[in-house]
Amino acid sequence: MSEIPTLEDLEARVGDLSGKRVLVRTDFNVPLDDDGNITDDFRIRSALPTIEWLTARGAHVTTASHLGRPKGEPNPKFSMDPVRARLAELAPGVELMENLRFDPGETSNDPAFVDRLVEGMDAYVNDAFGASHRAHASIVGPPQTLPSAMGRLLQKEVDVLLGMRNDPKRPFVGVLGGAKISGKLGVVEALLDVVDSLVIGGAMCFTFFAAQGKSIGDSLYEPDMVETCGRLLREAEEKGKALHLPDDMTGVDAAGNFATFGANVSEGGKGFDIGPGSAAAFSDVIMDARMVFWNGPMGMFEDERFESGTRTVAQAMADTKAFTVVGGGDSAAALAQFRLDDEVDHVSTGGGASLELLENGDLPGLEALRKGT
Ligand code: 3PG
Ligand code: MG
């Protein structure tokens, strides 16, 4: 991705950055609790290398981000105030605009909104990896008029994820979990082309089980994806890729009591985690890999009774000698909960963005920087 300008390229182009006003698009879309406190500031800390690089050169930095999904109008629930307070502790003197999505022009990529964003700015830096799969105003607009560059975080994410995609170390194992296969269909297909094996846990496995004709009780699944899962199973076989599904599970029985199931869930029962046998088998696959990409928890790890599958996989990610990458969102939260986030090679700040980059090899935000002025 050498054709995307770096911070050094920007400096070479703009000259002395001292006193220059730089707009930095960050992804400060952090999780908040019910009282509006930040529960994980990973995304804010991840933007610091870029911010510090700029401020060290005397640039005047204004950051801008979305937070949550307000519908194009101000909503105190999604105010940037908590983020601004944390940023002031980590990077004093750096400005932060109000939530970009308080204006409908952000998501609709309205040129008039882009004009307002870039007004008075001398340069633009995109460091919002987690939002770079969105063709929104603040992501794709500014490079059309301002000298622009990718920040350090964006650069690192792209290096790591495209490196996995384009130069895999084998065996390369994909580990997917989470509730839904529907949102991850594209990435499953793309991964089937590059990985040697795919491990599937989380509630999405029940849609595969339904395709295999297993009984899934009252477990969560996606009826309209059953056919697709059947096709993916056939595709994996045709391509000679191992697709590992759990063969035991834990959950609750019809009476709501904790239960262990084999490959079939009993009538009225619900599966909430992969079982100990499957967790051990998945762990072995990870231990034998040379490269692993993990996205999505194996079960409902927020509930102590159903955390062990995700914990075992997280521990294997920490213990394996393989190069390990964790795609943002829930799997990153799980790693943090188990205090293993420092034990993997790269935790991506992007959930959807990392999947889309693996799938397509490009993102709207990267394209915009490449095409820039
Ligand atoms: C994320 O959290 O996935 C990014 O910040 C993008 O947010 P979005 O999914 O609301 O566009
Ligand atoms: Mg998202």
Checking the side chain of T320 only, and the main-chain atoms of M317 only, is there a donor and an acceptor separated by less than 3.5 Å? no
Group every Ile, Leu, Val, Met, Phe, Trp and Tyr by side-chain heavy-atom contacts under 4.5 Å, then state whether L54 and Y124 land in the same group. no
I need the single residue from D81, D40, D41 that forms a salt bridge (Lys or Arg N to Asp or Glu O under 4.0 Å) with R86. Which is it? D41
Let me check something: do V344 and L176 share a hydrophobic cluster, defined by ILVMFWY side-chain heavy atoms less than 4.5 Å apart, either directly or through other members? no
Do the side chains of D218 and K270 get close enough for a salt bridge, i.e. N-O under 4.0 angstrom? no
Can you measure from CZ (F293) to OG (S348) and round to the nearest 0.5 angstrom? 7.0 Å
Would you kindly say whether D33 and T39 are connected by a side-chain donor-acceptor distance under 3.5 Å? no
Donor-acceptor pair between H136 and R25 side chains, under 3.5 angstrom: no
Could you tell me whether the side chain of S278 and the main chain of I274 form a donor-acceptor pair under 3.5 Å? no
Can you check whether K77's main-chain N or O pairs, donor with acceptor, with S79's side chain at less than 3.5 Å? no
Linking I/L/V/M/F/W/Y whenever any side-chain heavy atoms sit under 4.5 Å apart, do V61 and M150 land together? no
Side-chain donor-acceptor pair present, Q155, T6, cut-off under 3.5 Å: no
May I ask you to check whether over 12 heavy atoms, not counting those of E304, lie within 6.0 Å of atom CD? no
Minimum-distance pair of heavy atoms, taken over all atoms of L233 and A211: CD1-CB, 4.4 Å
For the atom pair CG (D273) and CZ (F261), what is the distance rounded to the nearest 0.5 Å? 12.0 Å
Does any N or O in the side chain of T310 come within less than 3.5 Å of the main-chain N or O of M298, such that one atom is a donor and the other an acceptor? yes
Surrounding CD of E237 (heavy atoms of other residues, nucleotides or ligands, distance under 6.0 Å), is the total greater than 12? no
What do the steps show when you test E11 against R57 for salt bridge (Lys or Arg N to Asp or Glu O under 4.0 Å), and what is the final call? CA-CA 10 Å; E11 189 177 33; R57 280 157 183 76; 3.2 Å; yes
Using only atom types and a distance under 3.5 Å, with no angle test, would you say the side chain of R165 pairs donor to acceptor with the backbone of E359? yes
Side chain to side chain contact (heavy atoms under 4.5 Å, CB included) for D27 and H66? Distances and angles first, verdict last. CA-CA 7 Å; D27 184 354; H66 71 285; 3.7 Å; yes
Smallest heavy-atom separation, L23 atom then P142 atom, equals CD2-CG, 4.4 Å
With rounding to the nearest 0.5 Å, note down the distance linking CE in M225 to CD in E227. 10.5 Å
Donor-acceptor under 3.5 Å (S65 side chain, T26 main chain): yes
Between N126 and S132, a side-chain donor and acceptor under 3.5 Å: yes
With a 4.5 Å limit on heavy-atom distance, are the side chains of I51 and L87 in contact? yes
Is there a side chain to side chain contact (heavy atoms under 4.5 Å, CB included) between L245 and D247 once you walk through the steps? CA-CA 7 Å; L245 287 161; D247 49 25; over 6 Å; no
Distance in Å, R69 CZ paired with F78 CZ, rounded so as to fall on 0.5 Å steps: 10.0 Å
Do T63 and M97 have side chains that get closer than 4.5 Å, going by heavy atoms? no
Please examine the side chains of W294 and V325, heavy atoms only from C-beta on, and report whether any two atoms are closer than 4.5 Å. no
I'd like to know whether E367 forms a salt bridge (Lys or Arg N to Asp or Glu O under 4.0 Å) with K371, so could you lay out the CA-CA distance, the side-chain angles of the two residues, the decisive distance to 0.1 Å, and finally the verdict. CA-CA 6 Å; E367 217 187 309; K371 281 194 195 143; 3.2 Å; yes
With distance as the sole criterion, is a donor-acceptor pair present between the side chains of Q315 and D319 under 3.5 Å? yes
Is it the case that more than 12 heavy atoms not belonging to K239 sit under 6.0 Å from its NZ atom? yes
Stepwise salt bridge (Lys or Arg N to Asp or Glu O under 4.0 Å) test for R290 and D288: CA-CA 7 Å; R290 284 187 62 213; D288 289 339; over 6 Å; no
Hey, any chance V199 and V313 share a hydrophobic cluster, counting ILVMFWY side chains that come within less than 4.5 Å of each other, even indirectly? yes
Grab the two heavy atoms, one from A316 and one from M287, that are nearest each other, plus how far apart they are. O-SD, 3.9 Å
Hydrogens and angles aside, do E157 and T349 bring a side-chain donor and acceptor to less than 3.5 Å of each other? yes
Minimum side-chain heavy-atom gap I181-T228 below 4.5 Å: no
Mind checking whether V30 and I44 have side chains closer than 4.5 Å, heavy atoms only? yes
At what distance, to the nearest 0.5 angstrom, does CG of D345 lie from CE of M164? 8.5 Å
Let's go through S138 and E106 carefully: what are the C-alpha distance in whole Å and the side-chain angles of both, what is the deciding distance for side chain to side chain donor-acceptor pair (under 3.5 Å) to 0.1 Å, and is it a yes or a no? CA-CA 7 Å; S138 64; E106 167 65 357; 2.7 Å; yes
Is the number of heavy atoms from other residues, nucleotides or ligands under 6.0 Å of K241 NZ greater than 12? yes
Main-chain N/O of E189 paired to E235 side chain as donor or acceptor, under 3.5 Å: no
Looking at CD1 of I4 and CG of L366, how far apart are the two atoms once the value is rounded to the nearest 0.5 Å? 4.5 Å
Donor-acceptor under 3.5 Å (S219 side chain, G271 main chain): yes
Main chain of D16, side chain of K20: is a donor-acceptor contact present, judged purely on distance under 3.5 Å? yes
For E8, look at atom CD and say whether over 12 heavy atoms of other residues, nucleotides or ligands are found less than 6.0 Å away. yes
Would you please test V265 and M249 for side chain to side chain contact (heavy atoms under 4.5 Å, CB included) and show each step? CA-CA 8 Å; V265 177; M249 275 159 285; 4.1 Å; yes
Given the side-chain rings of F272 and F306, with only the six-membered ring counted for Trp, is the space between their centroids under 6.0 Å? yes
Is a donor on one side and an acceptor on the other found under 3.5 Å between the side chain of Q144 and the backbone of G372? no
Show the numbers, then the answer: is there a side chain to side chain contact (heavy atoms under 4.5 Å, CB included) between L146 and D122? CA-CA 7 Å; L146 289 178; D122 300 304; 6.0 Å; no
Between D127 and T50, do the side chains contain a donor N or O and an acceptor N or O under 3.5 Å apart? yes
Please answer: with hydrophobic residues joined when any side-chain heavy atoms are less than 4.5 Å apart, are L17 and V118 in the same cluster? no
Sub-4.5 Å side-chain heavy-atom contact between L185 and V187: no
Any chance the side chains of N295 and S331 put a donor and an acceptor closer than 3.5 Å? no
Over all atoms of both residues, closest heavy-atom pair of S182 and E222: OG-OE2, 2.5 Å
Should D159 and K156 count as an ion pair when the cut-off is N to O under 4.0 Å? no
Between R21 and E119, does any NZ, NE, NH1 or NH2 come within less than 4.0 Å of an OD or OE carboxylate oxygen? no
